[in-house]
Amino acid sequence: MEFKDYYKILGVDPDADNKAIKVAYRKLARKYHPDVSDHHDAEAQFKEVVEAYEVLKDSAKRTEYDEIRQCAGQQQGFRPPFGSAGGHGENQYQGDFADFFSSIFGDEGGSRSSGSAGRRPFGQRGQDIETELPIFLEDTLSDESKEISYHLPRIDSGGRVTKVKKTLKVKIPAGVADGERIRLKGQGGLGVGEGASGDLYIRIRLVPHPLFDVEGHNLIITLPIAPWEAALGAKVTLPTLSGKIQLTIPANSQSGQRLRVKGKGLPSKQRQGDLYAVLKVVMPPSSNEAIKDQWQKLAELAPFEPRAEWSEAS
Amino acid sequence: MNDTELNYLSFSEVCLQTDVAEETVFKIVEQGIIEPIGATPDEWLFSPMMLVVTKKAVRLHRDLKVDWAGIALAIELLDEVEQLREKNRYLQRRLSRFVDM
């Protein structure tokens, strides 16, 4: 088991007073709280900080810890002290923080995470489970049945918490939006005693599409066109989520201009979204002499100053 | 963000699921952190999103020892940060279709 330096975790000196420890803890708790931080490791870091504070704020625990810390400085690795109410039995996980804590202070730390309302007489309600479900844009056009798998915590006959895989078929309604949650009553963790099962929450994640971007219920596609298509107008084939359509580009179009294709966006309860084609004028990669001649003629013929806006500023 | 309508929860269900006293949920509603539909607590309906926010408020209150007014401000700001991040991701994606980044 690896020795954990609680002082290092809180970033305080070993002789820091209670006030300094409290300040350091509060700062780090705000920084790493999983509801505040978007760091992928925030939860683990937050737990470490809480664990460290749990010990250092309590003068009895701190004294005990300081003695162990002194010894740990002189030897390699860390061996839990005799007589500590470990209660965990043989634990194979190395370097797990909670194990380190309970090897010194026993399982009393378990009360830290319990809720404030306490146990109810008729048993305990099962845990709510939240899981993410990636959905392709194409699948939001109509009601779709999706299979989802998730893990439920279960306590086996030996009192150990294991994870059981569960698979369900779920109807995803048409027009679901990114981040939306679907609640499936009673599909979460099993209750204890007469407690009801928890619920399953499915959080919808729209998978980024290679062609379409989502803006509310509208879709946006970037449509590359040649300079002469912008100048003369053109009819092009445009992909939509539900098949290809013909789109007319008006003459004298500009790069960045939006053309609306009504009703080809995403469905919603209020109204069907639209598809916007955003024009992007692209140059041909290289040109031969004949084409260069044509550009040359155009340059002489067209009285066009693309940087007219600059002349006023300079 | 929309919620699927059929999934609304009652006041007592919210208390049960967040494992907090009614009084705590009252405080959260009082601060406008969540706004249940319906005039009286008996009629209150909470969306799944409100349940998520309630749970978050309870965690922040417990772990960071922030009072409820502070929680209301924190959640509002966190929400804003999330929206800005989302907007930024979206604009980055849009921009990358026009220019090399």
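In the text below, chain A, chain B and the rest are named by the order of the sequence lines, each starting its count at 1.
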Count the heavy atoms of every other residue, nucleotide or ligand shown that sit under 6.0 Å from [atom1] of [X], and state whether that count exceeds 12.
X: A:K27; atom1: NZ; result: no
X: A:E138; atom1: CD; result: yes
X: B:F26; atom1: CZ; result: yes

Quiz item: Quick one: does B:M49's side chain get under 4.5 Å of A:R181's, heavy atoms only?
Solution: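 Counting from C-beta outward, B:M49 and A:R181 do come under 4.5 Å.
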Practice problem: Decide yes or no for B:F98 and A:V278: does some side-chain heavy atom of the first lie under 4.5 Å from some side-chain heavy atom of the second? | Solution: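 B:F98 reaches A:V278 side chain to side chain.
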Quiz item: B:V66, B:I75, B:T18, B:L9: which one forms the most heavy-atom pairs within less than 4.5 Å of chain A?
Solution: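 Heavy-atom pair counts peak at B:L9.
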Quick check for you: among [options], which has the greatest number of heavy-atom pairs under 4.5 Å with chain B?
options: A:L211, A:V214, A:D199; value: A:L211
options: A:G198, A:P34, A:P210; value: A:P210
options: A:V36, A:D38, A:D213; value: A:D213

Exercise. Test side chain to side chain contact (heavy atoms under 4.5 Å, CB included) on A:R183 and B:Y8 and set out the steps.
Key: CA-CA 9 Å; A:R183 176 187 176 212; B:Y8 280 75; over 6 Å; no
Quiz prompt | Interatomic distance, A:D35 atom CG to B:K55 atom NZ [nearest 0.5 angstrom] | solution = 11.5 Å
Quiz item: To the nearest 0.5 Å, how far apart are NE2 in A:H33 and CG in B:D63?
Solution: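 The NE2 atom of A:H33 sits 3.5 Å away from the CG atom of B:D63.
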Under 4.5 Å heavy-atom distance to chain A, tell me which part of [X] shows up: side chain, backbone, both or neither.
X: B:Y90; answer: side chain
X: B:L51; answer: side chain
X: B:E13; answer: side chain

Exercise. Report the residues that fulfil ring-ring contact (aromatic ring centres under 6.0 Å, His included) with A:H39, sequence neighbours left out, ordered by chain and then residue number.
Key: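 Partners of A:H39 under the ring-ring contact (aromatic ring centres under 6.0 Å, His included) test: none.
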Quiz item: Considering heavy atoms only, which positions within residues 76-83 of chain B lie below 4.5 Å of chain A?
Solution: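 When heavy atoms of chain A are the reference, residues 76-83 of chain B contributes B:L78 within the under-4.5 Å range.
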Practice problem: Give a yes or no on whether the backbone of A:R26 and the side-chain of B:K65 come within a donor-acceptor separation of less than 3.5 Å. | Solution: no
Exercise. Could you please spell out the steps behind the side chain to side chain contact (heavy atoms under 4.5 Å, CB included) verdict for A:D128 and B:Q17?
Key: CA-CA 8 Å; A:D128 287 336; B:Q17 296 209 15; 2.8 Å; yes
Exercise. Using distance alone, with no hydrogens and no angle criterion, decide if A:T222 and B:R94 have a side-chain donor and acceptor under 3.5 Å apart.
Key: yes
